[in-house]
Protein chains: 2
Amino acid sequence: MTGPKSGIRTTHVPGTGKTPSVVCEVFSSDPQKVSRWQGQLPALAAVAGLFKVLADETRAKIIYLLAHEELCVCDIATILDSTVSNISHHLRLLRAHHLVKYHREGKVVFYSLDDEHVLHLISEAFDHVKHR
Amino acid sequence: MTGPKSGIRTTHVPGTGKTPSVVCEVFSSDPQKVSRWQGQLPALAAVAGLFKVLADETRAKIIYLLAHEELCVCDIATILDSTVSNISHHLRLLRAHHLVKYHREGKVVFYSLDDEHVLHLISEAFDHVKHR
DNA sequence: ACCTCATTTGAATGATTGCTCAAGTGTTCT
DNA sequence: AGAACACTTGAGCAATCATTCAAATGAGGT
């Protein structure tokens, strides 16, 4: 199968002002460009998944905090003016993506960043949103 | 106001095994660490907003495509096996964030990337999800 | 054993999001 | 003017998500 969204479309070549060379092409628009991309697209689902993790203000702040120092859940909640439960839920997600590490000291659990790369990603995005 | 989530929490110092030095501290957990962060957190809402735009497989792929060549809506839809309407909705969002530029040629609208920085962000995230 | 505290977990809620369908706009051609 | 085409837009829907509350777990102190 060629996918449920496929259909009959026409052809366009930019710049030339040409009329559609083919009126009814099955499952492709511009044969040249379209066929060139066949199987060439990298799997960006995982990339989008990583961005989803970072696409939340609270989580971005948690990462930023933990990049600078080790903190317990309670402290993070206080600093971010949130609830312990809420922060714990977010940490659970960050843990699942191996972005944070933790160790228990008595009753308290201390979290810290386990992936400097994501901090770099955040700071780069921060620079991006600043100058424009 | 100090925020709706504030409450009375206790103090913890990692490593020392110390007992909470203060039992009831209003609106703060570890006074040392918490106060150090007062007003020090950068505004990461916009950063999270940018990541939200990238946190979708279809949009990530559109950006990847447009980084390599100029394409019309119809072609993008064909390559990504989606509908023209769906792609147009995504392009609308990308346009609102000034990530893509476009120009009309007759009936056809050609889109291309207007922000190489986001491509760098994507390729960096791609490298990240690969080796682990 | 019991109580307290720090954190985790699950269920419930409201908000946001991606996609689809149908209708609308703008452009070209006859 | 009218038809055909490329694209845009808005409403509607199901799925996902962030947050909250209440209950559960785990560890230390008495």
Side-chain angles (χ1 to χ4, degrees), chain A residues 3-5 7-12 14 17-20 22-25 29-30 45 48-49 51-62 71-78 80-96 102-111, chain B residues 3-5 7-12 14 17-20 22-25 29-30 45 48-49 51-62 71-78 80-96 102-111:
Chain A
K5 324 293 173 47
I8 295 167
R9 294 185 192 123
T10 52
T11 297
H12 311 291
K18 268 197 255 175
T19 337
V22 180
V23 181
C24 285
E25 193 87 9
S29 162
D30 180 332
F51 283 135
K52 262 191 190 71
V53 177
L54 306 176
D56 179 83
E57 188 179 1
T58 306
R59 277 196 297 272
K61 284 183 176 175
I62 291 175
L71 286 168
C72 67
V73 182
C74 186
D75 284 354
I76 301 171
T78 307
L80 299 187
D81 190 33
S82 182
T83 63
V84 169
S85 173
N86 187 213
I87 299 300
S88 184
H89 276 296
H90 283 301
L91 287 170
R92 184 177 150 88
L93 184 69
L94 294 174
R95 237 185 305 150
Y102 61 102
H103 66 101
R104 196 168 197 125
E105 268 183 45
K107 289 181 288 190
V108 190
V109 178
F110 290 97
Y111 281 85
Chain B
K5 326 293 175 47
I8 295 168
R9 296 189 190 119
T10 53
T11 297
H12 311 289
K18 268 197 255 176
T19 337
V22 180
V23 181
C24 286
E25 193 87 10
S29 161
D30 179 332
F51 283 135
K52 262 190 190 69
V53 176
L54 306 176
D56 179 82
E57 189 180 0
T58 306
R59 277 194 298 273
K61 285 183 175 174
I62 291 175
L71 286 168
C72 68
V73 182
C74 186
D75 284 354
I76 301 171
T78 307
L80 300 187
D81 191 32
S82 181
T83 63
V84 168
S85 171
N86 186 213
I87 299 301
S88 184
H89 276 294
H90 283 300
L91 287 170
R92 184 177 150 89
L93 184 69
L94 294 175
R95 236 184 307 153
Y102 61 102
H103 66 100
R104 196 167 197 126
E105 267 182 47
K107 290 181 290 189
V108 189
V109 179
F110 289 97
Y111 281 86

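Protein atom CG of B:L93 is 16 Å distant from nucleotide atom C1' of D:dG10, rounded to whole Å. At whole-Å resolution of the value, CZ in B:R104 and P in D:dC7 are 8 Å apart. When the P atom of C:dC19 is taken as reference, atom CD1 of B:I76 falls 14 Å away, rounded to whole Å. Atom NE2 in A:H90 sits about 6 Å away from atom P in D:dA18, given to the nearest Å. Per the geometry, NZ belonging to B:K52 stands 15 Å off C1' belonging to C:dG18, to the nearest Å. Here the C1' atom of nucleotide C:dG26 and the NZ atom of B:K107 are 11 Å apart, to the nearest Å. What separates CZ of A:F110 from P of C:dT8 is a distance of 12 Å, to the nearest Å. Straight-line distance from the CD atom of A:E57 to the P atom of C:dA15: 18 Å, rounded to whole Å.
For the atom pair CG of B:L71 and CG of B:L91, the computed distance is 10.0 Å after rounding to the nearest 0.5 Å. For the atom pair B:I76 CD1 and B:D81 CG, the distance stands at 14.0 Å (nearest 0.5 Å). In this structure, A:Y111 OH and A:D75 CG are separated by 13.5 Å, a value rounded to the nearest 0.5 Å.
Looking at heavy-atom distances under 4.0 Å, B:Y111 makes contact with sugar-phosphate atoms alone, never a base.
Checking C:dT7, D:dT9, C:dT17 against the side-chain heavy atoms of B:R92 singles out D:dT9 as nearest. Of the candidates D:dT20, C:dT9, D:dA18, the closest approach to any side-chain atom of A:R95 belongs to C:dT9. Checking D:dA27, C:dT7, D:dT19 against the side-chain heavy atoms of A:V84 singles out C:dT7 as nearest.
Under 3.5 Å, the side chain of B:S85 and the base of D:dT8 form no donor-acceptor pair of N or O atoms. Judged by atom type and distance alone, A:H89 does not reach the base of C:dT7 through any side-chain donor-acceptor pair under 3.5 Å.
For B:T83 and C:dC21, the shortest distance from a side-chain N or O to OP1 or OP2 is not below 4.0 Å.
Two residues are said to be in side-chain contact when any heavy atoms from C-beta on lie closer than 4.5 Å; B:I87 and B:T58 meet this criterion. Contact of the A:H89 side chain with the A:S85 side chain is registered, since non-hydrogen atoms from C-beta on lie closer than 4.5 Å.
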